[in-house]
Amino acid sequence: MKQVTITIDGQNVTVPEGSSALDALRSVGLQVPTACHDPRLEPIGACRFCLVKLKGSSRPVASCALHVTEGMELEVDTPELELDRKAALSLQARSYPKEAATQFPEKELHKWLDRYGIEPEGSSSGRFDESNPYFRFDPEACIQCFRCVRICDEIQGTFVWNVMDRGADIHVLPDSMASLVESSCKSCGACADACPTGALIDKTRLESGEPDKWTKTTCPYCGVGCEMSVGTIG
């Protein structure tokens, strides 16, 4: 595979052609916040947490959606970029329910909020959709990263989740336009696995707590034989 060499904070880094800037900076141990990014999905650069400075660009760009090219020069670890990332996370935290962050510290967004010392300012009303027997949906903890929508469409091909409205009113709903149990959802769990917040939670996590061991196995649902990781406690 063809390789390209770029510069990150003055250091030459060689990565496969087609890599994203996020892939490149992670390859040398640099970490930036992410929420909408999932390596299984096409990048959309929606959350604006993974900002980097690209030489020649007048403003920071989302590293997940930036494909590297030969000779590209990036800045990642600067005070200005850290302020930008913290500002984006703080904006998200203004209406985010603090109960979700406290109850599910292992979730991706919650880890980044903790790392940056940001406290969510919202509060949960407890209006959950618990109709599905396997997972719970909390719309107040949804940050519109659309990972649930995209993994349902791009990977599972079942198109259960829909993006509704625009602007401040944008939200996701199952295709029933009502509860999950009324939708075409087959309870594969891909959306709950992809969710970086407390919006979609496996009910076994609610009942038994966070797993302390993960074991790779094979899903028995159909004949495809997809691999999955099963969490256990004790």
Side-chain angles (χ1 to χ4, degrees), residues 3-98 100-102 104-122 141-151 154-155 170 193-200:
Q3 304 285 302
V4 296
T5 299
I6 66 172
T7 302
I8 300 177
D9 291 341
Q11 174 186 354
N12 287 339
V13 178
T14 300
V15 294
E17 187 178 42
S19 298
S20 69
L22 181 62
D23 294 330
L25 66 90
R26 284 180 170 176
S27 74
V28 291
L30 292 171
Q31 296 293 329
V32 293
T34 58
C36 68
H37 176 71
D38 187 313
R40 298 168 292 185
L41 306 173
E42 288 296 315
I44 60 171
C47 70
R48 313 303 293 176
F49 296 162
C50 65
L51 296 173
V52 296
K53 177 67 175 176
L54 171 65
K55 185 176 181 180
S57 176
S58 61
R59 60 184 63 187
V61 297
S63 60
C64 66
L66 175 65
H67 285 91
V68 298
T69 57
E70 184 66 35
M72 177 181 284
E73 296 183 31
L74 300 174
E75 289 183 79
V76 176
D77 188 13
T78 73
E80 293 79 13
L81 285 169
E82 280 292 273
L83 285 174
D84 287 341
R85 294 170 192 139
K86 186 171 184 177
L89 284 162
S90 297
L91 186 63
Q92 189 67 74
R94 285 183 182 176
S95 59
Y96 190 79
K98 55 181 178 291
T102 301
F104 312 114
E106 76 278 6
K107 284 291 191 174
E108 188 175 351
L109 175 67
H110 306 163
K111 288 180 178 179
W112 285 114
L113 292 176
D114 181 66
R115 178 169 170 177
Y116 279 81
I118 299 169
E119 291 282 344
E121 299 175 26
C142 177
I143 61 170
Q144 291 80 50
C145 69
F146 307 127
R147 280 166 64 165
C148 59
V149 178
R150 292 182 290 141
I151 203 162
E154 296 174 23
I155 306 298
I170 197 166
D193 176 66
C195 180
T197 75
L200 284 160

How about [X] and [Y]: do any of their side-chain heavy atoms sit closer than 4.5 Å?
| X | Y | value |
| --- | --- | --- |
| Thr69 | Val4 | no |
| Gln11 | Leu30 | no |
| Tyr96 | Leu89 | no |
| Val28 | Asp9 | no |
| Arg150 | Ile44 | yes |
| Gln31 | Arg26 | yes |
| Gln3 | Pro16 | yes |
| Thr7 | Lys55 | no |

Heavy atoms from other residues, nucleotides or ligands near CD of Glu42 exceed 12 (cutoff 6.0 Å):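 Incorrect, the count does not exceed 12.
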Is the number of heavy atoms from other residues, nucleotides or ligands within 6.0 Å of CD (Glu121) greater than 12?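 Result for CD/Glu121: enclosed.
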Electrostatic pair Arg85:Glu82 at N-O distance under 4.0 angstrom: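 Between Glu82 and Arg85 there is a salt bridge, with a charged N closer than 4.0 Å to a carboxylate O.
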Report the C-alpha separation of Leu66 and Leu74 in whole Å, then their side-chain angles, then the decisive distance to 0.1 Å, and conclude whether the side-chain contact (heavy atoms from CB on, under 4.5 Å) test is met. CA-CA 11 Å; Leu66 175 65; Leu74 300 174; 3.9 Å; yes
Name the one of Asp23, Leu51, Thr34, Leu25 that satisfies side chain to side chain contact (heavy atoms under 4.5 Å, CB included) with Ser63?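 Output: one option passes, namely Leu25.
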